[in-house]
**Student:** 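I'd like to ask you about the structure that follows.
Worth saying up front: this structure is predicted, and the values here are computed from it rather than measured. Note on naming: letters A, B, ... go to the chains in the order of the sequence lines (proteins, then strands), and numbering restarts at 1 for each one.
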Amino acid sequence: QSALTQPASVSGSPGQSITISCTGTSSDVGGYKYVSWYQQHPGKAPKLMICDVTERPSGVSNRFSGSKSGNTASLTISGLQAEDEADYYCSSFTSSSTYVFGTGTKVTVL
Amino acid sequence: QLQLQESGSGLLKPSQTLSLICAVSGGSISSDGYSWSWIRQPPGKGLEWIGYFYHSGNTYYNPSLKTRVTISVDRSNNQFSLKLNSVTAADTAVYYCVRAISGWFDPWGQGSLVSVSS
């Protein structure tokens, strides 16, 4: 199974909005609602930010939102803050009952 | 609050078997609806899903690792394990144990670094 495709890096100024894409196929992203997003700061374990494409777990800022169109899922961070600088990964369930992660995106706050 | 903690071999030589245990506290590993997964991250690289053990007893593995991986559960001790045989330098990574719920992973263990070097 191939990794989902994400841009290597995305940057924005404080207060701006950025969007990270996650492109797969109809056998993973396009076929299921089971797309999730994770934030990872250096040296730390990943943290769940979005589940089921659009759902935000308790405690996650409402500045984070998810969406999906066809085989591409997206994570939007609005009102960008310095603490949002981190690596972000998407994940999807697949038609083989396995999981696949995205290639990862480094978010830089300018 | 559910917590997961990895433990096991930290330094291996090529061709040896990687063995890690994930101790689960604050909840039962036998709870319906959950699966128990291993995910790894080579230094400076992205996340790679290894496999999971579903509460019903089924196991699923990453096709690229399937021939070398075994995930098993020890219900009496509320823990599950990972074995990866014939390791090479490419298996050097931080290994995370994680609970999976309906398509997402949460919570994560703190991670255990496994290095493979001759």
Side-chain angles (χ1 to χ4, degrees), chain A residues 1-9 20 22 24 27-29 31-60 66 68 73 75 86-106, chain B residues 1-7 20 22 24 33-67 69 71 82 93-114:
Chain A
Q1 57 191 25
S2 299
L4 307 175
T5 301
Q6 298 180 229
S9 63
I20 303 168
C22 169
S27 295
D28 39 63
V29 174
Y32 301 91
K33 71 170 186 175
Y34 301 129
V35 176
S36 52
W37 289 89
Y38 303 86
Q39 176 191 64
Q40 186 179 35
H41 287 110
K44 301 294 186 181
K47 174 189 175 183
L48 176 67
M49 304 301 284
I50 295 289
C51 56
D52 287 354
V53 179
T54 62
E55 300 302 310
R56 209 170 35 249
S58 175
V60 173
K68 189 180 80 168
L75 173 71
D87 293 327
Y88 291 82
Y89 296 91
C90 60
S91 174
S92 176
F93 187 70
T94 80
S95 58
S96 301
S97 295
T98 61
Y99 290 89
V100 62
F101 280 98
T103 49
T105 298
K106 181 177 181 58
Chain B
Q1 180 180 354
L2 189 77
Q3 292 186 317
L4 293 82
Q5 177 68 57
E6 306 91 347
S7 63
L20 293 172
C22 180
V24 179
Y34 299 140
S35 59
W36 304 91
S37 193
W38 289 95
I39 293 166
R40 70 180 183 178
Q41 184 172 36
K45 296 187 178 181
L47 300 170
E48 180 180 32
W49 176 78
I50 298 171
Y52 68 86
F53 180 99
Y54 194 52
H55 72 91
S56 63
N58 295 335
T59 51
Y60 297 87
Y61 301 122
N62 187 320
S64 68
L65 299 170
K66 188 174 184 178
T67 59
V69 175
I71 294 175
L82 169 71
V94 174
Y95 286 75
Y96 295 99
C97 59
V98 198
R99 182 182 64 175
I101 315 169
S102 299
W104 69 86
F105 301 105
D106 184 69
W108 296 59
Q110 66 182 30
S112 178
L113 176 62
V114 176

**Student:** Working to the nearest 0.5 Å, report the span between CZ of A:Phe93 and OH of B:Tyr60.
**Tutor:** 7.5 Å

**Student:** Quick one: what part of B:Tyr61 sits under 4.5 Å from any heavy atom of chain A, side chain, backbone, both or neither?
**Tutor:** backbone

**Student:** With a 4.5 angstrom heavy-atom cut-off, which part of A:Tyr38 approaches chain B: side chain, backbone, both or neither?
**Tutor:** side chain

**Student:** Please list, one pair per line, the donor and acceptor atoms closer than 3.5 Å that link side chains of residues 41-58 of chain A to other protein atoms, with sequence neighbours excluded.
**Tutor:**
residue, atom, partner, partner atom, Å
A:His41, NE2, A:Glu83, O, 3.0
A:His41, NE2, A:Glu85, O, 3.4
A:Arg56, NH1, A:Phe64, O, 3.2

**Student:** Does the A:Ser27 side chain pair with the main chain of A:Thr94, one donor and one acceptor, at a distance under 3.5 Å?
**Tutor:** no

**Student:** Between side-chain atoms of residues 37-46 of chain B and protein atoms elsewhere (two or more places apart, or another chain), which donor-acceptor pairs fall under 3.5 Å?
**Tutor:**
residue, atom, partner, partner atom, Å
B:Ser37, OG, B:Trp49, NE1, 3.1
B:Ser37, OG, B:Gly51, O, 2.8
B:Trp38, NE1, B:Ser81, O, 3.4
B:Arg40, NE, B:Glu48, OE1, 2.7
B:Arg40, NH1, B:Asp91, OD1, 2.8
B:Arg40, NH1, B:Tyr95, OH, 3.0
B:Arg40, NH2, B:Glu48, OE1, 3.1
B:Gln41, OE1, A:Gln40, NE2, 2.8
B:Gln41, NE2, A:Gln40, OE1, 2.9
B:Gln41, NE2, A:Tyr89, OH, 3.3
B:Gln41, NE2, B:Lys45, O, 3.0

**Student:** Against chain A, work out which of B:Pro63, B:Gly111, B:Ala100, B:Ser102 has the most heavy-atom pairs shorter than 4.5 Å and name it.
**Tutor:** B:Ser102

**Student:** Under a 4.5 Å heavy-atom cutoff, which of A:Ala3, A:Ser97, A:Ser36, A:Ser92 has the most pairs with chain B?
**Tutor:** A:Ser97

**Student:** Select, from B:Gly109, B:Pro107, B:Gly103, the one with the greatest count of heavy-atom pairs under 4.5 Å involving chain A.
**Tutor:** B:Gly103

**Student:** Provide the closest heavy-atom pair for B:Ile71 versus B:Thr59 in the form atom of the first, atom of the second, distance.
**Tutor:** O-CG2, 3.7 Å

**Student:** Non-hydrogen atoms of chain A under 4.5 Å away: do they reach the side chain of B:Tyr96, the backbone, both or neither?
**Tutor:** side chain

